[in-house]
Amino acid sequence: MAGLDDISVANYTKLKYGQSGSEVTLTNIQSIGELTDEKTIIDVQEYGVAYLRKLVGTANAGPIEVLLNLDPSDATHKYIINSYKLGTRERFVLELTNAAGDKGDSIEFNGFIGSKSLGNDFDSARTVSLSIAIDGAVGDLVANA
């Protein structure tokens, strides 16, 4: 499978967890938030200089929010909620594909489920919102093999 070669719709994004080669796709996903990776920029003050200079400090990946249409009997939901309870570090793969699924790219990262909350609004699908705290760097976007 080759990487994406044109603009594409995010509807074909999948979130997987597990060891390389045996990943499991998380089911019934309603939405996946933004994957952010940012560096701290330090302002350097200096007398007699009109503009501040900048230095690059440490990097940090922000949390990614995932909203699931809750199915308590679904094995992937049971696993990921149990991961939250145990505080287990997980390997995740965010897979981006085209509509046909024949081209795509993926991004790997490790993280912990930092929070979960149950949505119970009237006349809407029951949901569970998960916040994945990314541990370390976000991988590069690579073409799926």
Side-chain angles (χ1 to χ4, degrees), residues 1-45 51-145:
M1 188 185 307
L4 294 172
D5 58 3
D6 200 355
I7 60 173
S8 58
V9 179
N11 296 3
Y12 308 106
T13 303
K14 296 175 185 166
L15 184 62
K16 299 179 176 186
Y17 61 85
Q19 299 304 314
S20 183
S22 61
E23 295 94 348
V24 177
T25 302
L26 196 55
T27 61
N28 295 308
I29 295 177
Q30 189 178 111
S31 68
I32 300 172
E34 296 177 2
L35 190 58
T36 61
D37 192 353
E38 59 189 2
K39 293 186 178 197
T40 302
I41 304 298
I42 303 161
D43 290 329
V44 179
Q45 300 178 9
Y51 290 92
L52 296 173
R53 293 207 41 223
K54 308 290 185 197
L55 294 175
V56 177
T58 57
N60 186 34
I64 184 170
E65 306 298 322
V66 179
L67 185 63
L68 305 175
N69 294 318
L70 180 62
D71 179 354
S73 65
D74 184 283
T76 65
H77 291 201
K78 287 179 182 180
Y79 179 88
I80 211 72
I81 290 170
N82 195 50
S83 177
Y84 165 74
K85 289 177 185 176
L86 297 174
T88 308
R89 182 177 190 255
E90 299 287 346
R91 176 184 167 272
F92 293 95
V93 177
L94 190 65
E95 188 176 84
L96 318 169
T97 66
N98 63 4
D102 62 351
K103 293 182 181 180
D105 298 291
S106 59
I107 302 170
E108 292 184 25
F109 57 92
N110 295 311
F112 300 89
I113 307 299
S115 68
K116 73 174 177 73
S117 60
L118 184 65
N120 204 26
D121 295 333
F122 182 73
D123 258 359
S124 65
R126 185 165 287 121
T127 60
V128 62
S129 179
L130 305 170
S131 179
I132 302 172
I134 297 173
D135 182 30
V138 174
D140 294 326
L141 188 65
V142 296
N144 293 345

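Small disclaimer: the values here were computed from a predicted structure and weren't measured.
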Pair I134-L35, side chain to side chain contact (heavy atoms under 4.5 Å, CB included): steps then yes or no: CA-CA 9 Å; I134 297 173; L35 190 58; 3.4 Å; yes
Spell out, as yes or no, whether a donor-acceptor pair under 3.5 Å connects the side chain of [X] to the backbone of [Y].
X	Y	result
N82	L86	no
D74	T76	yes
D105	L96	no
T97	Y12	yes

Compare every heavy atom of [Y] with every heavy atom of [X], then report the nearest pair and how far apart it is.
X	Y	result
G111	I132	CA-CG2, 4.3 Å
I107	G139	CG2-O, 3.4 Å
G3	A143	N-CB, 3.5 Å
S131	E65	OG-OE2, 2.9 Å
I42	G57	CD1-CA, 4.0 Å
L118	R126	CD1-CG, 4.1 Å

Option among Y79, F92, Y17 that satisfies the side-chain contact (heavy atoms from CB on, under 4.5 Å) test with L26: Y17
Could you tell me the separation between the [atom1] atom of [X] and the [atom2] atom of [Y], rounded to the nearest 0.5 Å?
X	Y	atom1	atom2	answer
T127	N69	OG1	CG	7.5 Å
R91	E108	CZ	CD	4.0 Å
T13	I29	OG1	CD1	9.0 Å
T36	N60	OG1	CG	8.0 Å
T88	I80	OG1	CD1	9.0 Å
K116	L70	NZ	CG	9.5 Å

Does NZ in K39 sit with more than 12 non-hydrogen atoms of other residues, nucleotides or ligands closer than 6.0 Å? no
For R89, is the CZ atom crowded, meaning more than 12 foreign heavy atoms sit under 6.0 Å from it? yes
How about I64 and F109: do any of their side-chain heavy atoms sit closer than 4.5 Å? yes
Tell me, with the steps shown, if N144 and S106 meet side chain to side chain donor-acceptor pair (under 3.5 Å). CA-CA 6 Å; N144 293 345; S106 59; 3.0 Å; yes
Could you go through the side chain to side chain contact (heavy atoms under 4.5 Å, CB included) check for V56 and I41 one step at a time? CA-CA 5 Å; V56 177; I41 304 298; 4.1 Å; yes
